[in-house]
Amino acid sequence: MIDVKGITKSFGKLQVLKGIDLHINKGEVVSIVGPSGAGKTTLLQIIGTLDKPDSGSVVIDGVDVGKLSTNKLADFRNEHIGFVFQFHQLLPEFTALENVMIPAFINGKGRSEAKQRAMELLEFMGLADRAGHKPNELSGGEKQRVAVARALVNNPAVILADEPSGSLDSKNKAELHQLFFDLRDKFGQTFVIVTHDEHLASITDRTIHMVDGRLTDSPEV
């Protein structure tokens, strides 16, 4: 599903990624852990095509994303990759339903189709009765579940999450973590999750450790 080969990335004189090779299978829930500054978020952004490596390649579902034009890459990202961030990044002027529908509109879906898909997801999240509420009327856990629904609305093959439960309390963390597995089982997506949460890392299918821009077999170096 995801093949990362020889990825390097520097910012000025600082080399953040030092030759990353990684394969992630379809339907796998993978966590990436490591200390701050290890390069986890940079790697996630490169996998998600939000940033480009200095060298190496990223192949997602058979497509070498580095060979796509800017417009083709934007289309590919919208159709094949969903993003969940630590802070939900919902648009405050729109309702939960409207926030979920936005990526579908960008993907060229009509209003009726986008609304139907968004409502299906909100119902799955247990948020059907909150669809008409704006973000400031939702709890932290509800906002993050809306953000997950938004990431799923175009039925992407890959969900990339950067510290998705970092701003949540223990109860909402546990619910969100379980939600990832429920979604994988229902929709078959591949999840790649950058996290400092030890419990989340312990329950994923595989935990990938990063230290100083490299992958390592264990957290000890």
Measure the spacing between OG of S202 and NE2 of H177 and express it to the nearest 0.5 Å. 9.5 Å

Using the rule given for side-chain contact (heavy atoms from CB on, under 4.5 Å), can you reason through I159 versus F83, listing the C-alpha separation, both sets of side-chain angles and the distance that settles it, and then say yes or no? CA-CA 6 Å; I159 302 292; F83 297 91; over 6 Å; no

Validation row: R184, F191 side chains within 4.5 angstrom (heavy atoms): yes

Considering all heavy atoms, the nearest Q189-P156 contact: CG-O, 2.9 Å

What is the distance from atom NZ of K134 to atom CZ of F94, rounded to the nearest 0.5 Å? 9.0 Å

Separation between CG of N154 and CG of N78, rounded to the nearest 0.5 Å: 5.0 Å

Linking I/L/V/M/F/W/Y whenever their side-chain heavy atoms sit closer than 4.5 Å, directly or via other members, would L22 and I46 fall into one cluster? yes

Rounded to the nearest 0.5 Å, what's the gap from CE on M210 to CG on L43? Could you check? 5.0 Å

When you look at NE2 of H199, are more than 12 heavy atoms from neighbouring residues, nucleotides or ligands closer to it than 6.0 Å? no

Do the side chains of K72 and T70 get nearer than 4.5 Å, heavy atoms only? no

Under 6.0 Å from the NZ atom of K18, do we count more than 12 heavy atoms belonging to anything else shown? yes

Heavy-atom side-chain contact between M1 and E28 under 4.5 Å: no

Separation between CZ of R130 and NZ of K143, rounded to the nearest 0.5 Å: 11.0 Å

I'd like to know if the side chain of Q178 and the backbone of E175 have a donor-acceptor N/O pair within less than 3.5 Å. no

Can you tell me how far apart CG (D162) and CG (L44) are? Round to the nearest 0.5 Å. 5.5 Å

For residues F76 and V65, report the shortest heavy-atom separation together with the two atoms involved. CE2-CG1, 3.6 Å

Would you say R150 and L90 make side-chain contact, with heavy atoms under 4.5 Å? yes

Same apolar cluster: I24 and L50, side chain cutoff 4.5 Å: yes

M119, F105: one ILVMFWY side-chain cluster at the under-4.5 Å cut-off? yes

Determine, stepwise, if the pair V158 / H80 fulfils side-chain contact (heavy atoms from CB on, under 4.5 Å). CA-CA 6 Å; V158 177; H80 296 274; over 6 Å; no

Nearest heavy-atom contact between F181 and T204 is CZ-CA, 3.8 Å

Examine R117 relative to F187 and say whether NZ or CZ is less than 6.0 Å from the centre of the six-membered ring and inside a 45° cone about the ring axis. yes

What one should report as the nearest heavy-atom pair of A96 and L138 is CB-CD1, 4.3 Å

Considering non-hydrogen atoms only, spot the tightest contact between P53 and G56 and give its length. CG-O, 4.2 Å

Derivation and outcome, side-chain contact (heavy atoms from CB on, under 4.5 Å), residues L160 and I193: CA-CA 6 Å; L160 303 178; I193 307 167; over 6 Å; no

Distance-only donor-acceptor check, side chains D64 and S57, under 3.5 Å: no

Would T207 and S31 count as having a side-chain donor-acceptor pair, cut-off 3.5 Å? yes

Hey, are K173 and D197 close enough for a salt bridge, meaning a charged N less than 4.0 Å from a carboxylate O? yes

Contact check, side chains of L176 and Q144, non-hydrogen atoms, under 4.5 Å: yes

salt_bridge(D61, K26) N-O dist < 4.0 Å: no

Are V100 and L122 side-chain neighbours, meaning at least one heavy-atom pair lies under 4.5 Å? yes

Test V30 against I208 for side-chain contact (heavy atoms from CB on, under 4.5 Å), laying out the working first. CA-CA 7 Å; V30 172; I208 296 163; 3.2 Å; yes

Are any non-hydrogen side-chain atoms of K9 and Q15 less than 4.5 angstrom apart? no

Could you check whether any side-chain heavy atom of V58 comes within less than 4.5 Å of a side-chain heavy atom of T49, counting everything from C-beta outward? no

Under 4.5 Å between side-chain heavy atoms, counting indirect links through other Ile/Leu/Val/Met/Phe/Trp/Tyr residues: same cluster for I47 and I81 or not? yes

Side chain to side chain contact (heavy atoms under 4.5 Å, CB included) test vs L127 passes for just one of L121, V146, L97, namely V146

Heavy-atom closest pair, residues V33 and K40: C-CD, 3.5 Å

Flag yes if I106 and L152 sit in one hydrophobic cluster, no otherwise; membership is Ile, Leu, Val, Met, Phe, Trp, Tyr, and two members link when side-chain heavy atoms are under 4.5 Å apart. no

Among residues two or more places apart or on two chains, list those pairs meeting side chain to side chain donor-acceptor pair (under 3.5 Å) that have a residue in residues 91-113. T95-E98

